[in-house]
Amino acid sequence: MDEANIRASKDIPPAEVADVELYHAKSFWTKYVFSQDAKVIAIQYSGTAAAIGFVALVLSWLMRLQLGFPGLADFITIEAYYQFVTIHGMIMVVYLLTAVFLGGFGNYLIPLMVGARDMVFPYINMLSFWFYFLAVVLLVVSFFVPGGPTGAGWTLYPPQAILSGTPGGSGAGIIMMLLSLIVFIIGFTMGGLNYVVTVLQGRARGMTLMRLPLSVWGIFTASVMALLAFPALLVASVMMLFDRLLGTSFFMPTLIEMGEQLSYGGGSPIMFQHLFWFFGHPEVYIVALPAFGIVSDLLSTHARKTIFGYRMMVWAIIGIGGLSFIVWAHHMYVSGMNPYFGFFFATTTLIIAVPTAIKVYNWVLTLWRGDIHLTIPMLFSLAFIVTFVNGGLTGLFLGNVVVDVPLSDTMFVVAHFHMVMGVAPLMVIFGAIYHWYPNVTGRMLDEAMGKWHFWVTFVGSYLIFFPMHYVGLVGVPRRYPELGDSAFIPDSVQMLNSFISLAAFAVGFAQLLFIYNVITSLRRGKIAEKNPWRATTLEWQTPDMPPTHGNWGDELPVVYRWPYDYSVPGAAEDFIAQNDPGPQPAGETKT
Amino acid sequence: MAIALVLVLVVVGSIVFHIFSPWWWTPIASNWGTIDATLTITFWITGAVFAAVILFLAWCVYRYRHTPGRVAAYQPENKKLEIWLTVVTGIGVAALLAPGLVVWADYVTVPDDAVEIEVVALQWQWNYRLPGADGKLGTVDNRLITFENPLGINPGDKAGLDDLVIEADALHLPIGQPVKMLLRSIDVLHDYYVPEFRAKMDMVPGTVTYFWFTPTRTGTFEVLCAELCGVGHSFMRGEVIIDTEEDFQIWRDEQETFASLSES
Ligand code: HEM
Ligand SMILES: [Cu+2]
Ligand SMILES: [Cu+2]
């Protein structure tokens, strides 16, 4: 389809798949608990992720308490610190961000945005959530097993992960962690298949792939990637579980623990790292691509302007998704793998910077000559651009093999990944919640509280993580519960650490305000108009708002145009909905 | 409007912080000044891009913020601009990558005159082995490790008998002499990390890894572990002392060989 036809045409292909009758819930249980409606599942996913994410937030406070004010809280032993680091990192990456973007936004937005009544396999979709829920339960239970949860770091590197020098290594902690991951992956696979198949098979008439909102493109590509990447983690987890429980030696070489020969031999610890990062690097983009997509839609809607370079944006998403499978060993430059790999992985890693930069330019150029409404979603989107550019640029340090050598495993790395995959995607999540809350609940979130939440979170996060790079430059390694007496670390680093901790507490406090806002606005929020942001995409064009079971009432929508018809010259309003046959855009002659 | 101002402040504040930061890398004590140089290049290029993008963003927010009657431009694409930006980005990335790969080629190419020294890590201490009079390290096997033979040196290999064994004590090295650090671990992953040397590498049980460097400054430097290795990770510290050639010889002559250790 050529470019003009992407944007609008009145030719509508005939329906390929007949509209089907949906499963209708008959009781409270099947309507709200074992629900098969993607919108309910989305809320279940998001709520569970938010709850466990709150645990991760509290753990980060405890870590910052220890780092900023060592010795103040003596219940934070070294063992406890390592357990906090590990569970915090694992929750944030897997159980919060992955679950919210794919299980939460994926479930809510895909069917609505592509014009489907629901996911293609609603029953599997329900199972997906309950597996996820079980995975979270297993993770929580690991806090209460003898020895406590694992303290092996979120990377779970063997041999230490399953030995007694590491918290939870010889107890049940690591076993629970691996089981939880295995259950998570099974659950995700069911959900992921749904997201992919629904995008490919469930689209409304006229909704060609090149007319999908970028949110859907981001979530779709991330789901495909996750389906290909998570199996590597599954395999690694199962093998490590065997090493731990059955005495196999997949990852365990001959070794002497505390003076004693263990019966392991012949395995390769580096092999685990390859498997882990074959999953782990794509994982970064599994979190980032949905954020890229969603922020594109937020920027376009709130700046009343077409997204700049839509097709380039789609190709950049696909290109990044593909390339991200051949960069994994940039996490392993100093792992002891064959050092000649460095040339290859540094090159592929820096090549990814190009499509990523294009995305940044296009977001900024979307704002250029726009009509920028400084709503809360817009503010968070701007904050995303700042933190993502910052974190992306420090990625060029760590990706460029030799520059990584002095920085790897220092606090510079911690600062980098928090900026790029912690703070930046969270900014998008917040922006998206303010944006779609009225679609879910029919009410607006409180704007005054939203402003506070935004300012403290954005400025605070920058104050936490920007200076942290310099702690790493000095040479302070990551995963150190305290600085210790080191001649090369000036005393002022401890002061900086205290400052960072204070900023972290402030940011944490702002999240309480946000939670309060989300809960109280359910009842007290201003009633939302039907399409409060005057957006073009289908989720705002349902007959009822909030959309009801089946989304579209009697008739499925028909799509006539791309999702970015904002401020079309000559149009009556500054947006034309995707299902509006409306006037053709200016200068349009083709049919 | 506050947001445009804050965006400018983010850029200005970051640059000012960078310039006046008392927190900076340690004075170098090895030949890897080239690593610092690539790091500096990277700071310049990325700093410029950061400032340019965020300042332009701030200007857009200021200039195109909603006011009654403003209408956004309708501009879905601009091929020329997109291609131009892609090319410029490609050049910038190449300018970062090229020097990086050149220095990496040095990093992985050990000079012929480097002497080999072995570091053996375990939870949570550093041991060392230096070649004896024959200038060669004997073979080792982790399965031979006992209380008396903590490094697992093969007693049947003559080359190993005169190896010097340093247990949980400082390592001395002569200034100006390239060294190839052979890295072994007998239990879990560790990482031999001396901030002033810039170089580092993980130690992996079951295999021998390496890096090389030339000390360029005498003094005492701290060794840290940079790969999580259990609860003692942050306490796993040691010292490496860079001596003049004469001081190094004196120290060296005081060390015990594997043979004398096994006898006692
Ligand atoms: C205000 C919010 C946050 C604060 C204050 C915070 C703080 C910390 C701290 C202090 C550490 C340990 C550093 C160390 O000793 O090595 C850490 C580790 C980590 N954090 Fe966060 N964090 C926050 C949010 C996030 C988010 C949103 C993510 C999501 C990507 C995240 C992912 C991680 C990961 C993956 C680790 C590494 C765990 C490991 O070393 O095994 N954090 N964080
Ligand atoms: Cu990566
Ligand atoms: Cu360690």
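First the proteins, then the strands, lettered A, B, ... as listed; each starts at 1. Computed from a prediction, not measured in an experiment: that's the story for all the values here.
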With only heavy atoms counted, which part of B:L189 is less than 4.5 Å from chain A, the side chain, the backbone, both or neither? both
Can you tell which part of B:F235 gets under 4.5 Å to a heavy atom of chain A, answering side chain, backbone, both or neither? side chain
B:W126: which residues meet the ring-ring contact (aromatic ring centres under 6.0 Å, His included) condition with it, sequence neighbours left out? B:Y192
Using the six-membered ring wherever Trp is involved, compare the ring planes of A:Y82 and B:H233 and label them parallel, tilted or perpendicular (cut-offs 30° and 60°). tilted
Where on A:I256 is there a heavy atom nearer than 4.5 Å to chain B: the side chain, the backbone, both, or neither? both
pair B:E77-A:M312: side-chain heavy atoms closer than 4.5 Å: no
Portion of B:L7 that has a non-hydrogen atom of chain A nearer than 4.5 angstrom: side chain
Flag the pair A:F397 / B:F43 as yes when their ring centroid distance falls below 6.0 Å, and as no otherwise. yes
If we ignore hydrogens and angles and just use 3.5 Å, is the side chain of A:Q261 paired with the main-chain N or O of B:N142 as donor and acceptor? yes
Using the rule given for side chain to side chain donor-acceptor pair (under 3.5 Å), can you reason through A:S486 versus B:R237, listing the C-alpha separation, both sets of side-chain angles and the distance that settles it, and then say yes or no? CA-CA 10 Å; A:S486 283; B:R237 304 198 180 190; 2.4 Å; yes
Check the orientation of A:H373 and B:H66. Use parallel for under 30°, tilted for 30 to 60°, and perpendicular for over 60°. parallel
Go through the steps to decide whether A:Y361 and B:T89 satisfy the test side chain to side chain donor-acceptor pair (under 3.5 Å), and finish with yes or no. CA-CA 10 Å; A:Y361 301 146; B:T89 308; 2.7 Å; yes
Per-residue contact mode, B:F197 against chain A (heavy atom under 4.5 angstrom): neither
Heavy-atom contact with chain A under 4.5 Å, split by part of B:V204: side chain
Select one option (side chain, backbone, both, neither) describing which atoms of B:D36 are under 4.5 Å from chain A's heavy atoms. neither
Pick one of side chain, backbone, both or neither for B:T209, based on which atoms fall under 4.5 Å of a heavy atom in chain A. side chain
Counting the benzene-type ring for Trp, do A:Y566 and B:Y74 have ring centres under 6.0 Å apart? no
What residue, out of A:L393, A:L255, A:T166, has the most heavy-atom pairs lying under 4.5 Å from chain B? A:L393
What is the ring orientation for A:Y462 with B:F50, classed by angle as parallel under 30°, tilted 30 to 60°, or perpendicular over 60°? parallel
Check: B:Y193 and A:V334 side chains under 4.5 Å, non-hydrogen atoms: no
